[in-house]
**Q** 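The following block contains the structure, expressed as structure tokens.
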Amino acid sequence: TNNKTSLEEPFLASQQDDTLGEKENEVRALDQLDGEEVISPAPGLWDGLPFRMAIVLKLLYFLEGLGASTWGRFAAIYYNLHGLSPEQVGLLGGLMPIVSTVAQPLWGMAADVWFSRKTIYLLCRMAGATLLLTLALPAVYRSIPWIFAVSLLTVTFSSSGILDAYTLELLGETNKTMYGRYRMWCALSWGAGAVGMGWLTDRFGFEWNFILYGFMGFLSCLMIAALVPKRTMVEEQEQDEEQGKIGDLIRLFSRPRVVLFCLELILVGGAMAIVERLLFLYLVDDLGASTFLCGLSVGVTVLLELPTFWCADWLLRWLGHDYLVAVSMLCFVVRAYGYTLLTPSTVTWVLALEVMHGITFACFWISVMDVTKILSQQVHGWNTTIPVLTNTIFQCVGGGLGSILGGWTMNKYGSKYMYHGISTIMLVALVLHVMGALVVRYCGSSHCKTFLPTKNEQDPDTTEHSSDPENEELIDKDGP
């Protein structure tokens, strides 16, 4: 099964012989994580995987974050420079995730149905990077309709979640809580890259953003083509088995606890999009901040994000999914409300507020990816699609709604009103989340004591398709 053999997975073609003995070295211990069994990581590994395998994954995350940092929040400045209003920026920021909402799951499903994860990932990375670089052409940036068209076409090839799917599959059940030690490299390069790009943009213009984006994209595609095998061991095994049924996937995402999980993804994704896509406009236009300060504000976000991701295993054991999400929401409330207190003379205090992003995002994403791994074990044949769907709901559905509503509110009522409103909404969501967690923990059934989905609950209709038969004895078949 995929989560028991993934520790031996030859992510590099030459790695197979090196990993055959890793299974023999596993040491298991029982601990409590939201009432479920936790298997301690095996010795003799580096962050849960053989050394070379871990290096490749961390480099891919690093390049992904570094490439994104050259565009990311700076996109709002590009659109502003070329004549788009805040409302148009918000509209574009909303339309792009809507397109991704349709395209991204289709790429994930294609990777699962055709067992071609590498091909799909490489195709999307190459096509998306090439199209985005055309925004540097005068024929494109001199026309607002062309800017809209190219930007929307670019996100048609969004493949967010496929790298997460690789990482979760390779770590398996045994080492899934080590995910944060891989994702932190994306955060590190994102923060450092944003600081560097802020300085470069101030002194040499926006052209350097495109030059560095193209270089990072090329290097990432080269690594994927050269170092990632055509198929993983799990894909080879599943190719000989019955294809996953779409009905199982629909039933999984129709379960009440999973629906609530998706609603929280949308809410937090929308709230973060209001910061990611509109904060620079507020800082530059309303408070007179420099581009360098904008870049520096991204750089400081990783100061707490890195240690939070590094301690993901311990945080999951200590707080669990429910309370990690609560901590994330609380930090966002403080951060968003703090924006409303800034003035042109105190604009540099945004750096202190942005430090809280590290806790906000890292705590939330650690929980999301752990729940995603649990969900992917409960249906057969959708190991890429489920992480892609999780990313799509968060970034595209939530991000799209946040961008559209945030841009409209910012244009009509002003930035401070917008941030005051989203902080209030998130505070209400925090109270409801904590109340739900407490009710389920102290008044719920004995087999399920968490508000978010766990592997101790499973839809009876999908039980026969579980990707982890050895753990089925842990699952209460009568659970919700």
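The analysis underlying the following values was restricted to heavy atoms, covering all of them including side chains, and did not include hydrogens, waters or symmetry mates. Sequential numbering from 1 along the given sequence is applied to the chain's residues.
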**Q** Between K416 (side chain) and Y339 (backbone), is there a donor-acceptor pair under 3.5 Å?
**A**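 Checked: no pair found.
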
**Q** Taking the six-membered ring for Trp, are Y78 and Y141 ring centroids under 6.0 Å apart?
**A**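 No; Y141 has its ring centre 6.0 Å or more from that of Y78.
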
**Q** Pair I359, F364 - check side chain to side chain contact (heavy atoms under 4.5 Å, CB included), show working.
**A** CA-CA 8 Å; I359 301 176; F364 187 74; over 6 Å; no

**Q** Begin from the C-alpha positions of D47 and K58 and carry the test salt bridge (charged side-chain N to carboxylate O under 4.0 Å, His left out) through to its verdict.
**A** CA-CA 11 Å; D47 293 337; K58 290 178 179 182; 2.4 Å; yes

**Q** Crowded around F253 CZ? As in, over 12 foreign heavy atoms under 6.0 Å?
**A**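 More than 12 within 6.0 Å, yes.
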
**Q** Is there a side-chain contact between V371 and V258, using heavy atoms and a 4.5 Å cut-off?
**A**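 With C-beta onward as the side chain, the pair stays apart.
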
**Q** How long is the gap from CD on Q377 to CD1 on I386, to the nearest 0.5 Å?
**A**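 One gets 10.0 Å once the value is rounded to the nearest 0.5 Å.
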
**Q** Indicate, with yes or no, if the rings of F215 and F210 have centres closer together than 6.0 Å.
**A**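 No, the ring centres sit 6.0 Å or more apart.
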
**Q** Less than 4.0 angstrom from a charged side-chain N to a carboxylate O is my criterion; do R183 and E64 meet it?
**A**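 No salt bridge links R183 with E64.
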
**Q** State whether a side-chain donor-acceptor pair under 3.5 Å links S415 with D286.
**A**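 D286 and S415 do have a side-chain donor-acceptor pair below 3.5 Å.
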
**Q** Begin with the C-alpha distance, continue with both residues' side-chain angles, and end with the deciding distance and a verdict on salt bridge (charged side-chain N to carboxylate O under 4.0 Å, His left out) for R335 and E354.
**A** CA-CA 7 Å; R335 179 183 172 206; E354 287 303 274; 3.0 Å; yes

**Q** For T340 and A336, indicate whether the former's side chain and the latter's backbone hold a donor-acceptor pair under 3.5 Å.
**A**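 No.
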
**Q** Could you verify whether a donor N or O on one side chain and an acceptor N or O on the other, from Y79 and S151, lie under 3.5 Å apart?
**A**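 Yes, a side-chain donor-acceptor pair sits under 3.5 Å.
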
**Q** Could you check whether any side-chain N or O of T156 sits under 3.5 Å from a backbone N or O of L153, counting only pairs where one atom can act as donor and the other as acceptor?
**A**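 Yes, because the side chain of T156 sits within donor-acceptor range (under 3.5 Å) of the backbone of L153.
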
**Q** Could you tell me the separation between the CD1 atom of I274 and the CE atom of M426, rounded to the nearest 0.5 Å?
**A**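 I274 CD1 to M426 CE: 8.5 Å, rounded to 0.5 Å.
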
**Q** Would you check if E305 and M184 make a side-chain contact, meaning some heavy-atom pair closer than 4.5 Å?
**A**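 With C-beta onward as the side chain, the pair stays apart.
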
**Q** Counting only N and O atoms by type, is there a donor-acceptor contact under 3.5 Å from the side chain of S220 to the main-chain atoms of G217?
**A**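 Answer holds: no.
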
**Q** Can you tell if the side chain of T384 reaches within under 4.5 Å of the side chain of W107, non-hydrogen atoms only?
**A**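 Side chain of T384 against side chain of W107, heavy atoms only: no contact under 4.5 Å found.
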
**Q** Mind checking the SG-CG spacing from C311 to L315? Nearest 0.5 Å is all I need.
**A**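 One finds 6.0 Å between SG of C311 and CG of L315.
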
**Q** Run the salt-bridge test on D248 and K245 with the 4.0 Å N-O cut-off and return the result as yes or no.
**A**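 Salt bridge flag = no for K245 with D248.
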
**Q** Between T392 and S100, is a side chain to side chain contact (heavy atoms under 4.5 Å, CB included) present by the stated rule, with each step listed?
**A** CA-CA 7 Å; T392 300; S100 294; 5.9 Å; no

**Q** Under the side chain to side chain contact (heavy atoms under 4.5 Å, CB included) criterion, do T134 and T154 qualify, and how do the steps go?
**A** CA-CA 10 Å; T134 64; T154 297; 5.8 Å; no

**Q** Would Y179 and W365 satisfy side chain to side chain donor-acceptor pair (under 3.5 Å), going step by step from the backbone distance to the final call?
**A** CA-CA 10 Å; Y179 165 82; W365 205 243; 3.1 Å; yes

**Q** When you compare the side chain of L293 with that of L283, does any pair of heavy atoms fall below 4.5 Å?
**A**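 Sidechains of L293 and L283: no contact.
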
**Q** Between T346 (side chain only) and T343 (backbone N and O only), is there a donor and an acceptor less than 3.5 Å apart?
**A**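 Between the backbone of T343 and the side chain of T346 there is a qualifying donor-acceptor contact (under 3.5 Å).
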
**Q** Kindly determine whether Y419 and Y282 satisfy ring pair (Phe, Tyr, Trp, His ring centres under 6.0 Å), including the steps that lead there.
**A** CA-CA 10 Å; Y419 285 117; Y282 172 49; 5.7 Å; yes

**Q** Looking at CG of D112 and CG of L249, how far apart are the two atoms once the value is rounded to the nearest 0.5 Å?
**A**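 If we round to the nearest 0.5 Å, D112:CG and L249:CG are 9.0 Å apart.
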
**Q** Checking S158 side chain against V155 main chain: does a donor-acceptor pair fall under 3.5 Å?
**A**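 Not confirmed, S158 side chain does not pair with V155 backbone.
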
**Q** Indicate whether any N or O donor in one side chain lies under 3.5 Å from an N or O acceptor in the other, for Y61 and D164.
**A**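 Result is yes, a qualifying pair exists.
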
**Q** What I want to check is whether the side chains of T360 and S328 have a donor and an acceptor closer together than 3.5 Å.
**A**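 No, no side-chain donor-acceptor pair sits under 3.5 Å.
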
**Q** Under 6.0 Å from the NE2 atom of H82, do we count more than 12 heavy atoms belonging to anything else shown?
**A**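 It does: H82 NE2 has more than 12 such atoms within range.
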
**Q** Mind checking whether F309 and W185 have ring centres under 6.0 Å apart?
**A**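 No; W185 has its ring centre 6.0 Å or more from that of F309.
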
**Q** In Å, rounded to the nearest 0.5 Å, how long is the span from CD of Q88 to CD1 of I147?
**A**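 If I round to the nearest 0.5 Å, the distance is 9.5 Å.
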
**Q** Checking R125 side chain against C221 main chain: does a donor-acceptor pair fall under 3.5 Å?
**A**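 No, R125 side chain to C221 backbone: no donor-acceptor pair under 3.5 Å.
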
**Q** Y182 versus L171: any side-chain heavy-atom pair under 4.5 Å?
**A**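 Of all side-chain heavy-atom pairs linking L171 with Y182, at least one is under 4.5 Å.
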
**Q** Drop me the distance from C363's SG to H321's NE2, to the nearest 0.5 angstrom.
**A**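 C363 SG to H321 NE2: 12.5 Å, rounded to 0.5 Å.
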
